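Here's the structure we're looking at; comments come further down.
Fair warning: this is a prediction, and the values are worked out from it, not measured in the lab. The chain is numbered in sequence order, starting from 1.
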Amino acid sequence: LLLAPAFLSKTPVPSDRQEVIFWHFWGGQDRDVVDDVVDRFNQSQRTYFVRAVALPGNNLQAKLFLAIAGGDPPDLVNQDDPILADWSKRGVLQSFETFASIQEVAVLKQWMFPAALRLSIVDEELFAVCNGLDIRALYYNTTELERFGLTPPETLDELNHICETISPAAEQRPTAYAFLPDSRSIWGWGFVFGADFYRDRNVRLATPELISVLTWMSGFSVKHGADNVAAFRQGDQSLPGKTFSLLPVQDAEMSGRYVLLTDGQWRTRDIANFTARRRQLGIPSPKFGVCPLPYPENGRNNAGWVNGNFFVVPRGARNPAGAWEFVKFWIGLEQPEPAAKTCATGGWIPVSESVVNHPEFQSFLKRDPMFAQFVSLASSPNQFPIPMVQGASFLKRTVEAAAYEAMIHPNRSATEILLEAETRIQSHFDARQPLGADSDAR
């Protein structure tokens, strides 16, 4: 496989080192962080030399499969798509348990947050090692809530009360909403409501928990009008760049298109930049905060959908032992300090409490208290990824399509929509025998 020279490090491999080829997708500022990790690892020992190859874009998978077929794969790859079960079942990957010691694997499984471990195993076997978590929570405009005499919600009833107070049903075309769910958030809210999505090799969508979720989500379209909600959502796409819709667009405004909005920890950087800009202009800035997704009665507290970045070792890799040493360095399994520096520099959530507790990362959290809220959620046992099953990408697309269908046609039965999706996914899975991991979402 030929790679453009711009993607390759020009530093020669020392003659006394074993080369480790590492492919990743990071670009821009994040690529600088990755290059720094690689440099620090290369300076930390005298056995291995990692050569990083940046492959930003959507063609990493195709290049990887071509490299494996051609007998020249990299030693380590970083991924963030729900492909682990598919790749492991197709024989594309090596299990870490084939080259890491039994003791190291056992320590790792105990050392990781439950959410990170769920992103790393297929059928209880370690086919990946998660190196960074993405957590979703509920951002809110504190200033706007206080204007209405409201406080951040802890329960679903409190969130519903906020929505009714700020965005009453009588106002059919508001210029801003208190809150609106979107179809992709069905994962987070599903886990909050207590849903599983998949268990014991069976798709589980038409359950009381998910029916309640979809009924609640589509209720916003009933309340405000499906066309109005769809048009407002479409307006989000017209914002410049990747503008965070919680933030005011005009300098004279104190509220954005939403008062509360579900998103990930990376948005804390947007809020910090927005606040700093307002300060430079001498313009008052609203206060913001973040809290866990509010939960209904009998739901799960501190729950939600988690994903993240993870390392895999392709079949045919020449130096899995060197790849394993680099992975341990990156995540901080043996020494938390390098990992604490990496996560603080990149604004990434560690995969273990030992890295979180390191003074360098704690210092970073003190500077960014909203980010700290996401880190506290990372240790929750109620953070779940998309089920680790073959066909996970199809499962994801179909579940989100069902949520979208319910929100644009809110008069349709949620049960009917979920049954249709469940049947479609189960048929897809049954046609891909043998079935994927006999795992459950919990």
Side-chain angles (χ1 to χ4, degrees), residues 20-26 30 33-34 37-38 41 50 52-56 58 60-61 64-65 68 73-90 92-100 104-105 107-136 187 264-266 305-315 317 320 323-333 339 342-343 346-352 355 378-379 383-390 392-393 396 436-437 439 441:
V20 178
I21 301 296
F22 167 44
W23 287 10
H24 67 84
F25 53 78
W26 282 290
D30 289 332
V33 179
V34 173
V37 180
V38 171
F41 173 76
V50 172
V53 181
L55 294 170
N58 299 320
L60 189 151
Q61 176 173 317
L64 176 62
F65 285 9
I68 292 172
D75 300 298
L76 190 67
V77 178
N78 202 261
Q79 255 288 347
D80 64 350
D81 292 325
I83 46 74
L84 188 60
D86 282 292
W87 286 14
S88 63
K89 295 294 182 181
R90 291 171 63 181
V92 174
L93 306 177
Q94 298 184 46
S95 165
F96 278 76
E97 298 182 30
T98 62
F99 49 82
E104 286 177 316
V105 171
V107 168
L108 177 70
K109 288 183 176 181
Q110 291 294 319
W111 178 82
M112 273 185 159
F113 287 138
L117 185 59
R118 289 175 178 133
L119 285 161
S120 304
I121 59 174
V122 178
D123 290 343
E124 304 303 321
E125 190 169 0
L126 196 71
F127 277 97
V129 174
C130 180
N131 63 298
L133 294 167
D134 288 336
I135 302 288
R136 278 80 179 169
W187 295 102
Q265 76 277 357
W266 50 89
W305 169 48
V306 63
N307 69 322
N309 305 316
F310 53 88
F311 292 115
V312 293
V313 174
R315 184 187 76 229
W324 173 231
E325 291 302 316
F326 178 59
V327 167
K328 290 189 293 183
F329 178 87
W330 183 304
I331 66 173
L333 180 61
T342 299
C343 291
W348 297 335
I349 297 179
V351 297
S352 173
V355 179
S379 62
Q383 294 288 329
F384 303 105
I386 291 171
M388 201 63 66
V389 58
Q390 281 185 279
S393 294
K396 181 177 185 295
S439 63

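The shortest non-hydrogen separation linking Ala85 to Gln390 is CB-N, 3.6 Å. Nearest heavy atoms, Leu133 versus Val306: CD2-CG2, 3.8 Å. Nearest approach of Trp187 to Lys396, heavy atoms of both residues: CZ2-CA, 3.5 Å. Shown here for Ile135 and Gln265, the closest heavy-atom pair between the two residues is N-OE1, 3.0 Å. Residue Ser379 comes nearest to Pro114 through the heavy atom pair O-CD, 4.3 Å, listed as atom of the first residue, atom of the second, then distance. Here the closest heavy-atom approach between residue Ala116 and residue Cys130 is recorded as O-CB, 3.5 Å.
A heavy-atom distance below 4.5 Å is found between the side chains of Lys89 and Val122. Looking only at side-chain heavy atoms (C-beta outward), Leu108 and Phe96 stay at 4.5 Å or farther from each other. For the pair Asp134/Asp80, no side-chain contact is recorded, criterion being any heavy-atom separation below 4.5 Å from C-beta on. Inter-residue side-chain proximity for Leu76 and Phe326 is flagged as met; some heavy-atom pair is nearer than 4.5 Å. Residues Phe329 and Val37 are in side-chain contact: their nearest non-hydrogen atoms beyond the backbone lie under 4.5 Å apart. When side chains are defined from C-beta on, Val313 does not count as touching Asp75, because their heavy atoms never get closer than 4.5 Å.
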Item checked: side chain to side chain contact (heavy atoms under 4.5 Å, CB included) between Trp305 and Phe384, intermediate numbers included -> CA-CA 5 Å; Trp305 169 48; Phe384 303 105; over 6 Å; no
Note to self: Is there a side chain to side chain contact (heavy atoms under 4.5 Å, CB included) between Val53 and His24? Walk through the geometry before answering.
What the structure shows: CA-CA 6 Å; Val53 181; His24 67 84; over 6 Å; no
Next item on the list: Check the pair Met112, Val129 against side chain to side chain contact (heavy atoms under 4.5 Å, CB included), reporting the backbone distance first and the verdict last.
Entry: CA-CA 10 Å; Met112 273 185 159; Val129 174; 3.7 Å; yes
Margin query: Pair Arg136, Asn307 - check side chain to side chain contact (heavy atoms under 4.5 Å, CB included), show working.
Written below: CA-CA 9 Å; Arg136 278 80 179 169; Asn307 69 322; 2.4 Å; yes
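Between the CD1 atom in Ile121 and the CG atom in Leu126 there is a gap of 8.0 Å [rounded to 0.5 Å]. The CZ atom of Arg118 sits 12.5 Å away from atom CZ of Phe113, with the distance rounded to the nearest 0.5 Å. Here the CZ atom belonging to Phe22 is positioned 5.0 Å from the CG atom belonging to Asn78, to the nearest 0.5 angstrom. Rounded to the nearest 0.5 Å, atoms CZ (Arg315) and CZ (Phe65) are 9.5 Å apart. Between atom CZ of residue Phe41 and atom NZ of residue Lys328 there is a gap of 9.0 Å, rounded to the nearest 0.5 Å. Once rounded to the nearest 0.5 Å, the distance linking CH2 of Trp348 with CG of Asn131 reads 7.5 Å.
Every side chain to side chain contact (heavy atoms under 4.5 Å, CB included) that Pro74 has, sequence neighbours left out, goes to Ile21, Trp23, Leu64, Ala67, Val77, Pro314. In this structure, the side chain to side chain contact (heavy atoms under 4.5 Å, CB included) partners of Glu125, at least two apart in sequence or on a different chain, are Ser95, Glu97, Phe127. For Ser88, the side chain to side chain donor-acceptor pair (under 3.5 Å) test picks out no residue, with sequence neighbours left out. Legend: residues meeting side chain to side chain contact (heavy atoms under 4.5 Å, CB included) with Ser352, ordered by chain and number and at least two apart, are Trp111, Ser354. In this structure, the side chain to side chain contact (heavy atoms under 4.5 Å, CB included) partners of Gln79, at least two apart in sequence or on a different chain, are Leu60, Asp81, Ile83, Trp87, Phe310. Every residue two or more places apart in sequence or in another chain was checked for a side chain to side chain donor-acceptor pair (under 3.5 Å) with Trp330, and none qualifies.
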